[in-house]
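Structure first, then comments.
Numbers for residues simply follow the sequence, beginning at 1.
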Amino acid sequence: MSPTINCPFCQLPQEVPDAPPATGEVYCSNCGVPLPTARRRPATVLWIDDDPLLLGLCVGVLAQHGYRVLTATDAAAGIACAHAEHPDVILLDVLMPTLSGFAVCRQLRADPRLHDTPIILLTALDDPGVRPRGVKVGATTTLRKPSNPAAIVEFLDTVLARKRD
């Protein structure tokens with residue numbers, strides 16, 4: 001059961017969700033005033049991709065939708081960031097120098113604190129074997145690159161809503 005607080009404006013009791021939306025804001029269902037005690041940290045997305053142009057294009061869109069976005073342009077930095085930050089979801093490029101996204105995913109799944117973190121592989125490969133191989137190493141799902149940033153936001157919202165349930 002979700003906790004209940006009284007709205008600071010209309011004083012009516014309001015249920016506060018256990019897991020807030022990505023924006024961290026919850027509003028009174030009666031008067032629309034933001035509920036101050038409902039403000040929580042936004043969902044954190046770690047995006048590991050060796051393409052700085054793609055990161056630059058998409059990070060702003062995710063931030064505009066209320067996500068806290070961390071980036072890494074190589075596998076080692078991404079793994080270190082994941083261990084340090086424990087993000088809510090990880091977007092992971094399959095084709096990277098040094099370590100593939102498959103190898104990174106396997107390493108991340110070995111950390112018990114990241115075991116249940118959704119990992120979404122991103123790939124430009126047109127290979128039907130990518131998705132089953134991703135599942136085998138622990139990926140939640142695989143998306144094709146390039147993807148529309150708005151579609152990625154919608155997908156993240158869905159994945160995080162499932163994680164809360």
Side-chain angles (χ1 to χ4, degrees), residues 1-5 7 14-73 77-79 81-96 101-102 104-105 108-109 111 113-125 130-135 137-165:
M1 183 169 175
S2 298
T4 302
I5 64 167
C7 172
Q14 300 293 311
E15 274 194 33
V16 181
D18 291 326
T23 60
E25 293 281 346
V26 176
Y27 298 91
C28 175
S29 61
N30 182 57
C31 66
V33 169
L35 300 175
T37 58
R39 192 178 291 253
R40 297 186 177 99
R41 90 170 168 83
T44 299
V45 176
L46 170 58
W47 195 324
I48 307 169
D49 199 308
D50 64 324
D51 184 349
L53 184 63
L54 177 66
L55 290 174
L57 173 71
C58 295
V59 165
V61 174
L62 294 179
Q64 285 176 341
H65 282 84
Y67 288 101
R68 175 178 172 245
V69 185
L70 308 171
T71 61
T73 56
I79 291 167
C81 185
H83 290 306
E85 293 286 336
H86 308 110
D88 297 297
V89 64
I90 299 169
L91 295 169
L92 176 58
D93 186 18
V94 170
L95 296 177
M96 292 189 296
F102 299 120
V104 172
C105 187
L108 294 174
R109 286 294 183 227
D111 182 338
R113 297 169 299 176
L114 298 171
H115 189 293
D116 294 327
T117 302
I119 298 176
I120 302 165
L121 293 179
L122 300 171
T123 184
L125 294 174
V130 170
R131 188 176 304 265
R133 187 170 174 203
V135 169
V137 297
T140 306
T141 192
T142 303
L143 295 178
R144 293 264 302 142
K145 282 170 63 174
S147 290
N148 175 339
I152 291 174
V153 167
E154 185 177 322
F155 192 78
L156 288 173
D157 289 344
T158 301
V159 167
L160 289 168
R162 280 190 212 140
K163 183 179 174 185
R164 290 181 207 125
D165 294 341

key: Evaluation steps, side chain to side chain contact (heavy atoms under 4.5 Å, CB included), between V61 and Y67   = CA-CA 9 Å; V61 174; Y67 288 101; over 6 Å; no
Check the pair T117 / L108 against side chain to side chain contact (heavy atoms under 4.5 Å, CB included), numbers first and verdict last. CA-CA 9 Å; T117 302; L108 294 174; over 6 Å; no
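Residues C81 and L70 share a closest heavy-atom pair of SG-CD1, 3.8 Å. Pairing each heavy atom of G78 with each of I48, the nearest pair is CA-CD1, 3.6 Å. Between D51 and L53, the shortest heavy-atom distance links the atoms OD1-N, 3.0 Å. Heavy-atom minimum distance, V130 versus F102: O-CE2, 3.8 Å. The two residues P42 and D88 make their nearest non-hydrogen contact at O-OD2, 4.2 Å. Nearest approach of P149 to C58, heavy atoms of both residues: CG-SG, 3.9 Å.
A donor-acceptor pair is defined here as one N or O able to donate and one able to accept, closer than 3.5 Å; such a pair exists between the side chain of R144 and the backbone of A124. Proximity of a side-chain donor or acceptor of Q14 to a complementary backbone N or O of Y27 within less than 3.5 Å is not detected. With R109 contributing its side chain and L114 its backbone, the two residues share a donor-acceptor pair below 3.5 Å.
Atom OG1 of T71 and atom CG of L54 lie 11.0 Å apart (nearest 0.5 Å). Once rounded to the nearest 0.5 Å, the distance linking OG1 of T141 with CD1 of I119 reads 12.0 Å. Distance OG1/T44 to NE2/H86: 11.5 Å, rounded to 0.5 Å. Going from atom NE2 of H65 over to atom CG of L156 covers 10.5 Å, rounded to the nearest 0.5 Å. Here the CG-CG distance, from L55 to D93, works out to 9.0 Å after rounding to the nearest 0.5 Å. Interatomic distance, CD1 of I152 versus CD1 of I120, reported as 8.5 Å (0.5 Å rounding).
Taking a cutoff of 4.0 Å between a charged side-chain nitrogen and a carboxylate oxygen, K145 and D49 qualify as a salt bridge.
With W47 as the partner, the side chain to side chain contact (heavy atoms under 4.5 Å, CB included) test is satisfied by one option alone out of L62, L92, I90: L62.
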